[in-house]
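Both counts, for ligands and for their atoms, begin at 1 and track the order of listing. Note: hydrogens, waters and symmetry copies are ignored here, and every other heavy atom, side chains too, is used. Keep in mind the model is a prediction, meaning the values are calculated, not measured.
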Amino acid sequence: MLSIDTSAQTVMERCDTLASYSEEPGRLTRRFATPPMRQVNRQVAEWMRAAGMDVHEDNIGNVIGRYAANQPNARTLLLGSHLDTVRDAGKYDGPLGVMIALACVERLHASQQRLPFAIEVLGFADEEGLRFHSAYLGSNVVAGTLNPEVLAWTDSDSITMAQAIRDFGGDPDTLLASRRRSDDLLGYCEVHIEQGPVLESLNLPVGVVTAITGHSRIIVSFTGIAGHAGTVPMPLRRDALCAAAEFILAVEQMGRSEPGLITTVGQVTVEPGLVATVGQVTVEPGASNVIPGKVVLSLDVRHQDDATRILSCQQLRTRARQIGEARQIAVEWQPVQENGMVPCTPHLVDLLSQAVKRQGYPVHLLPSGAGHDSVTLVKLTDVAMLFVRCKAGISHNPAESVTSKDVATATQVMDQFLALLAQSPTP
Ligand SMILES: [Zn+2]
């Protein structure tokens with residue numbers, strides 16, 4: 001029998017270990033199908049095997065450990081999260097969910113316990129979409145919903161996704177074979193850091209997610225004419241960066257104009273309203289003495305209400321076109337991802353809520369403003385999520401922080417969730 005403190009300590013140490021596998025010295029950046037991802041998959045597979053799991057990697061590079069049921073023909077519960085990161089990431093966004101799922105299996109294994117259903121722990125190869133601007137690659141393959149067109153997309157080194165998958169040891173031509181059958185699944189449950197300040201403000205270690213906010217990702221390109229910074233007079237310029245700058249401010253203004261319904265619980269703002277962000281900008285040719293000829297930027301728009309989000313995107317597209325026309329700049333609008341609001345499955349939300357109560361905590365239900373693999377997996381099976389409090393709500397940042405005590409609580413809640421599911425009539 002493993003003590004809960006030992007399990008929590010192990011989870012913390014493993015998150016530290018995984019954070020050491022990075023593409024960049026001194027900071028954590030782990031993109032899809034890169035050498036550090038290979039090291040991480042190898043390491044996670046080793047821990048999974050030690051916890052009594054059969055391990056394999058599917059054709060896109062998801063690492064999957066299976067802990068068999070105590071009976072034949074049993075159904076399967078999926079647990080896990082993603083193992084890729086953003087640029088200059090923290091240690092917990094993604095890996096924490098995989099490590100807590102692994103800890104739960106390890107605890108069952110240590111007490112020689114099997115459940116009436118199998119458990120598969122999934123470490124998704126790509127959720128953040130940093131390398132190819134296409135999120136949820138891993139879970140899309142598991143759900144069988146990957147758009148094959150994305151295989152031709154290229155990264156910043158002009159390597160196609162298909163080639164990256166091959167280089168990683170996968171097979172882009174047989175991705176459909178890695179699709180999970182849905183008829184034997186009980187659902188997918190993911191533990192993740194909250195990435196917001198609500199739980200901390202309520203002084204709660206965990207919260208149960210009710211729904212995941214809708215989300216649009218668009219690549220916008222502005223093409224003008226590059227020229228000499230000293231010889232081309234201002235009225236004759238077609239500066240792509242100036243057009244992009246005007247658009248970026250329009251994006252901010254749009255977000256601010258729709259703050260949403262602000263519900264206050266203590267000091268906490270629960271409903272973020274419309275959020276619109278330009279997070280990445282590339283400027284070509286990118287020299288101090290050259291007028292920018294081309295700018296490509298990322299646009300990210302989210303809102304709890306799908307209709308509001310879609311309308312906001314349409315308005316921003318019109319605004320981009322107007323800015324382009326006024327400045328004689330060609331504008332290209334390329335939607336790369338569109339996800340509607342995803343509600344979590346009520347009976348799994350109930351089980352998680354009961355599990356939280358049994359640990360002696362009040363149940364706080366909250367929506368997720370961040371996207372997660374459940375957005376994709378809901379097309380395959382029932383979904384649920386447990387959020388863990390993180391310091392100051394900070395994420396996508398090396399300052400990401402969780403406490404060992406909260407990790408212990410989240411692990412106990414998941415232990416309890418598994419026990420409740422085993423007792424429920426569904427398995
Ligand atoms: Zn994440």
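Using modelled atom types and a 3.5 Å distance limit, the side chains of T174 and N59 yield a donor-acceptor pair. Remark: the D5 side chain and the Q9 side chain contain no N/O donor-acceptor pair separated by less than 3.5 Å.
Near the Zn ion (ligand 1), less than 2.8 Å away, sit the protein N, O or S atoms H82 NE2, D93 OD1, H192 NE2.
In this structure, T29 contributes its side chain and D88 its backbone to a donor-acceptor pair below 3.5 Å.
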* Candidate pair L151 and T160, rule side chain to side chain contact (heavy atoms under 4.5 Å, CB included), full reasoning -> CA-CA 7 Å; L151 293 168; T160 63; over 6 Å; no
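The two residues A110 and L2 have their closest heavy-atom pair at CB-CG, 4.0 Å.
Taking the ring axis of Y21 as reference, the NZ or CZ atom of R30 does not stay both within 45° of it and closer than 6.0 Å to the ring centre.
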